[in-house]
Each structure stands twice: as C-alpha cells, then as structure tokens.
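One structure is given here, and the rest of the page talks about it.
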Amino acid sequence: MLHNPDRKYNAFAPVSLVDRNWPNRAITQPPIWMSTDLRDGNQALFEPMNGEKKMRMFRTLCAIGFKEIEVAFPSASQTEFDFVRSLIEGGHIPDDVSIEVLTQAREHLIRRTMESIRGARKAIVHVYNATSKTFRDNVFGMSKAEVVQMAVDAVTLIRKLAAAMPETEITLEYSPELFTATELDFALEICDAVTTAWGATPQRKVILNLPTTVEIATPNIYADQIEWMHRHLARRDSVLISLHPHNDRGTAVAAAELGLMAGADRVEGCLFGNGERTGNVDLVTLALNMYTQGIHPGLDFSDINAVARSFEHCTQLPIHPRHPYAGDLVFTAFSGSHQDAIKKGFSAQEAEQPWNVPYLPIDPADVGRSYDSVIRVNSQSGKGGIAYLMETENGVVMPRRLQVEFSGVVQRHAERLGGEVSADDIWDLFAQTYLDPVAPIRYREHHLYEHGSVQGIRLGVDIDGTPHILTGEGNGPINAAVHAFQSAGIRVQVRSYEERSMLPTGDDGNSQACAFIEIAGSGNGDFYGVGIDGNIVTASIKALVSGIDRMGIATRQRRVEQAA
C-alpha cells in the first residue's frame, strides 16, 4: 500500500495520431550522437569533476567516436568557463568534433557563453527555456506570447553575436524545456518561431531538441509526440530533431528507440545514463542494442572495460554488475541450465555465421570481454558451467557422466562455502578428488613387457604406505593392470575408457594426455578415475589407480556410516 493511496496525479492524454507510422518502422541507421556526460552527467555528481577528470572524460568520449560533445554550462561557474577555454586554447578538440555549450535564454548568460567559445573552430550553442503550462503559470508567470518572445530574443542575440565571430562555425540548438508536458501546438509554434529567427536553411540547420525533461508517460506517447512534430514542423528539411530522454520512469532507452522510429535524427545522453534525478538515456545500452540488430552504431565500445573504468574514475559512480553489456556480471551465468546451454552454444557457433549463442545477445569478445567470466559457479550451478570452466581454464574435456559426477562434488563444496566457487577452486577440487586423493593406493611406476600375444605389466604401487610390485597380463596395458590388481585381491570391472589430449591453456608448448576410466566393483557402484601424464599409457594406469582409490574411499566411508 502506498503512503497516500488517495493521491491524485495527472494522467497524460494520448496524442491524436490515428495514422501513426512509427510502429511499422525499424531503426536502420545510427543517429547523430551527442554526449552530455561533461554537462548533464557532471551536474548530477556529489562531487563534480575537476579539470583532470573532465579532460580524461573528454578524451574518452573522443576516442569512443563522439563528434558532438556538450562540454559545459560556461555561465554557471568559473570552473566551467575555464574548462571550455582550456579545450580551445590547449588545442585539445579534434578537427571533426564540435563542442557544445548550454545556456538559459537570458542575455547576460548568453553573452558569457558566447565569450567562452571564442576561437573554437566549430561549436553548438544550446539555448533553452521552459514552455510547459505549469512553468508558464506557476514559475514564470508568463503568457504563451511572452515565452515565445523570450526564445526569439535569445536566438536573435546568439545570431548577432555569432556574426561577430566568423572564425567559429556556430550551430544553434534550441530546447523547449518540458517538451513532453507542453501542448503540442504550442511546442510547434515556438520551434517554428526559433527556426525563423535563426534563418534556418538545409545548409544551416537548427537542432531542435525535444526532451523528456521529466518522463511523464509511456514511451509510445513520446514517439507519437515526436512523429507529430516531425510531420508539422514548418522547415523540416532545415531541422535536426534531437531526443534527450530522461529516465524517471525507467524507460529512457525505449523512449529513444521509439523516438528514432518516429523521425528523430539525433540522441543526447550520457554513457551509462547518469544525470540529474534518475539520469539521462544510457548511450552504451542504446548503441549496443543497435549493434545486436546488425546496425553498427558508429561508436567504439570494443574495449568496454576501459570505458567503464574511465567513467567510474571520472564520476566516482559505480557501474552496476548487471548493467547491460558493461556490468562485471552481465556475461556471467550461475544457473546450471543456462551454463549448459551457453556451453553448447559456444561449441556450435561457427566463426562466419551470425551470432547465435543462448542467453548471450552479443559476443562478449566484440566489447573486449573474455569468455573467462561468462560462466561462474555457485551452489545453483550445474555440470555445464563446471565443464566449461574445466575445459577453458585447464584444458580438460570431461566425459558427460564425469561431468554429472563431479558437479555433485562442486555443488556440495559450494553449499558448504556459501558463495561463488572460482575456476582455481574447481581445479583444486578436481585434483583432490581424482588426481591426488587421500587414499590407500599410490602409483609409483610401471614396466610393460610382451609375453607372446599378450601384454604384461609390472606395476609398482604403495598400498597403505607399503611398496608392492603387482604383475598381470591381458589384451592391453589397462587389462593387464586390472589383472595385476586382482592378484592383490582388488577386483574391478572397466565400464568405459576415454583418452584425450588436454587442450592447451598456456604457452609452455608441453602437451599432456588425459585418461578417464569408469570402473565398477562388487556392489559398490560406478566410479570415475582420471590420470594426466605426458605418456598416454601412464595416464591410463594413473586413471585406473584413481578409480580404484575412489572406490576404496567410498567403501570405507560406507562401512563407517553403517557402524555408526
């Protein structure tokens, strides 16, 4: 129950647009991108970025590929003004990048803003005033005509000052703040007045930013508003429609996507969605959403970890571990069924075919992430994830029944531990269970010999710490070793045998063989043994000893339990 269940809120009325086209459209090309990390994102921080952090963020944005970057609100403080000057005077702005500066529609702020960009090669001057009825009536006490005149006067002044700065190519951007809460016909009126005052032409376009300054409706309503403006603007060929979605309802990315379908040309936002209140649209998510649909966004996120660490350093804000595409755990599966599907998907994925791995909408390698973190193990995990880590981290490709058996060992360990089990932990468990169990029999050496058409073996083992030489003959080394153990009263039957080369996991060039033997004893069940050695026969003998040891351990444990 909400604190005040009787609270009344204004529900936003749908737009009268019965023949809307955007639901039948798809995004087919990336928009013009504009980053507001250095302005809107910076304003939202507990501790705004200092000069070093602002410069690092600017260089990060340039490296990603942004060609339009809103760098400051120069009239807000000396720090903001000085940063713009340092970019220009220090020669830090690439030739193909336009800096953008924001100002309210007030004369002294406009003049200060224009002074900040003097000497820049290209700049966008972004001016705004609030246009919604609430602001007109309750904040400013102004009529519609007065609000229009405020915008026109601001644009006229910017045009005059720009004419006195011929060395700088200046583009106008205008925002009717609170656009989504403004009557559409009035938003159209003021936008048309601005383009007239600027003298917009197809060669000298005006950017009209139509923001969801506060998200007050579902994304489809915003798309209707954008399409309505797209259809009705007087100089549509002389205008770039820009989107600036905020995230008050948690739907900024969806609003931006639908707004692009509705006819917009440009999107403004922050890398990871930080901004005042609940933030701006998340440009990383928006861009990589396009990438998963076969549209290259024109932004370089091939090293997403570097981008994320730079962002965290500059903003002092953490990126959530499940943040789309960039979170530390976003390519991580703990669920057993998910792990199994991912492992099989990786195995089936062919290099030249479209990406089609279950649960992974994007290839982690495309954003510079390794596969190491894709599958991690806790008590909820299953055999697929464990098998994947054993294969990728240690080069051991386990038979399916061994996967099932060993997953139980890992799961019991994870339940006792109460948390995540690392790849190193899994290998240690595997070694303790199969390669070096605390058991009565330890392999020392063996010698093979031929006796007619049969294979003979002299097998050196320690049984309960005492050296023994066991001999046996059979149709091969494994069968001979089984008969050698029978001479010591240890009877087993080999159920299955597999040998595999271990997949390389290092650069030492040494290859090893891995043998898996499944054995059965009298009424004791089936047990896997594993042996690893540079010699395949030695690996096989070690696997047999491993299986016998595990069977012996289980037998002793059962006797102890029965006695108790």
Side-chain angles (χ1 to χ4, degrees), residues 9-12 15 22 31-46 48 61 66 68-70 72-73 76 100 102-104 124 126-135 139 173-184 187 191 207-229 240-287 289 311 315 317 319-320 323-324:
Y9 287 91
N10 291 322
F12 199 86
V15 179
W22 64 261
I32 300 167
W33 300 103
M34 202 281 285
S35 162
T36 66
D37 288 88
L38 288 168
R39 197 275 300 172
D40 217 15
N42 190 36
Q43 286 177 327
L45 303 178
F46 291 112
L61 295 169
F66 286 95
E68 297 181 0
I69 302 171
E70 192 169 50
F73 201 141
E100 179 169 323
L102 182 70
T103 179
Q104 292 173 320
I124 300 168
H126 182 183
V127 63
Y128 72 95
N129 64 327
T131 56
S132 70
K133 180 175 173 55
T134 297
F135 269 71
V139 180
E173 177 172 346
Y174 171 71
S175 291
E177 192 188 9
L178 281 301
F179 163 74
T180 50
T182 300
E183 308 92 325
L184 277 177
C191 286
I207 300 169
L208 291 178
N209 181 43
L210 305 178
T212 62
T213 310
V214 178
E215 271 199 312
I216 57 175
T218 50
N220 62 298
I221 300 294
Y222 185 51
D224 281 349
Q225 292 171 320
I226 296 300
E227 183 167 337
W228 191 93
M229 293 290 287
L240 293 172
I241 294 180
S242 188
L243 309 174
H244 187 111
H246 278 250
N247 201 41
D248 302 87
R249 294 169 54 92
T251 58
V253 169
E257 290 176 331
L258 299 189
L260 289 172
M261 296 178 195
D265 309 290
R266 185 175 182 263
V267 176
E268 305 181 4
C270 295
L271 284 177
F272 293 100
N274 63 303
E276 293 195 71
R277 303 184 317 278
T278 52
N280 301 91
V281 67
D282 178 337
L283 296 184
V284 171
T285 298
L286 185 61
N289 279 357
F311 169 86
T315 65
L317 294 175
I319 295 173
H320 194 282
H323 189 287

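This structure is a prediction, so every number in the text was calculated from the model and none was measured.
- Counting heavy atoms from C-beta outward, Glu173 and Leu240 have side chains that stay 4.5 Å or more apart.
- Residue Leu260 holds its CG atom at 10.5 Å from CD1 of Ile241, rounded to the nearest 0.5 Å.
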Practice task
Step by step, work out the side-chain contact (heavy atoms from CB on, under 4.5 Å) result for Thr213 and Ser132.
Solution key: CA-CA 11 Å; Thr213 310; Ser132 70; over 6 Å; no
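- Summarising the geometry of Ala223 relative to Gly259, their closest heavy-atom pair is CB-N, 4.5 Å, with the distance given to 0.1 Å.
- Ser175 pairs by the side chain to side chain donor-acceptor pair (under 3.5 Å) definition with His126, Asn209, not counting sequence neighbours.
- Side-chain atoms of Leu243 and Pro31, non-hydrogen and from C-beta on, never get closer than 4.5 Å to each other.
- Asn247 places no side-chain N or O within donor-acceptor distance of the main-chain N or O of Gly279, the cut-off being under 3.5 Å.
- The closest side-chain heavy-atom distance from Leu271 to Leu61 is below 4.5 Å.
- A pairwise comparison of heavy atoms in Ala256 and Val281 identifies CB-CG2, 4.1 Å as the closest pair.
- Proximity of Asp224 to Trp22: side-chain heavy atoms (C-beta onward) are separated by under 4.5 Å at one or more points.
- Partners of Ala187 according to the side chain to side chain contact (heavy atoms under 4.5 Å, CB included) rule, which considers only residues two or more places apart in sequence or in another chain, are Phe179, Thr182, Met229.
- With sequence neighbours left out, the side chain to side chain contact (heavy atoms under 4.5 Å, CB included) criterion links Thr212 to Thr180, Glu215, Tyr222, Pro245, His246.
- Rounded to the nearest 0.5 Å, atoms CZ (Phe66) and OG1 (Thr36) are 9.0 Å apart.
- Considering CG of Asp40 and CG of Leu102, their distance stands at 8.5 Å, rounded to 0.5 Å.
- Trp33 pairs by the ring pair (Phe, Tyr, Trp, His ring centres under 6.0 Å) definition with nothing, not counting sequence neighbours.
- In this structure, the side chain of Ser35 does not engage the main chain of Ile69 through any donor-acceptor pair within 3.5 Å.
- The side chain to side chain contact (heavy atoms under 4.5 Å, CB included) search around Leu317 returns Leu45, Asn274, Phe311, Thr315, not counting sequence neighbours.
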Practice task
Tell me, with the steps shown, if Glu268 and Ser242 meet side chain to side chain donor-acceptor pair (under 3.5 Å).
Solution key: CA-CA 7 Å; Glu268 305 181 4; Ser242 188; 3.3 Å; yes
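- Expressed to the nearest 0.5 Å, how far CD of Glu70 lies from CG of Leu38 amounts to 9.5 Å.
- No side-chain heavy atom of Thr134 sits under 4.5 Å from any side-chain heavy atom of Leu178.
- The two atoms that bring Asp37 and Gly269 nearest to each other are OD1-O, 4.0 Å, heavy atoms only.
- Note: Leu283 CG to Cys270 SG = 7.0 Å, rounded to the nearest 0.5 Å.
- Under 4.0 Å is where a charged nitrogen must lie from a carboxylate oxygen, and between Arg266 and Glu68 at least one such pair does.
- The side-chain heavy atoms of His320 and Phe272, taken from C-beta on, include no pair separated by under 4.5 Å.
- Partners of Asn289 according to the side chain to side chain contact (heavy atoms under 4.5 Å, CB included) rule, which considers only residues two or more places apart in sequence or in another chain, are Val253, Glu257, Thr285, Tyr325.
- Across Tyr174 and Tyr128, no two heavy atoms sit closer than the pair CE1-CA, 4.3 Å.
- Note that CD of Glu227 and CG of Asn220 are 12.0 Å apart. Values are rounded to the nearest 0.5 Å.
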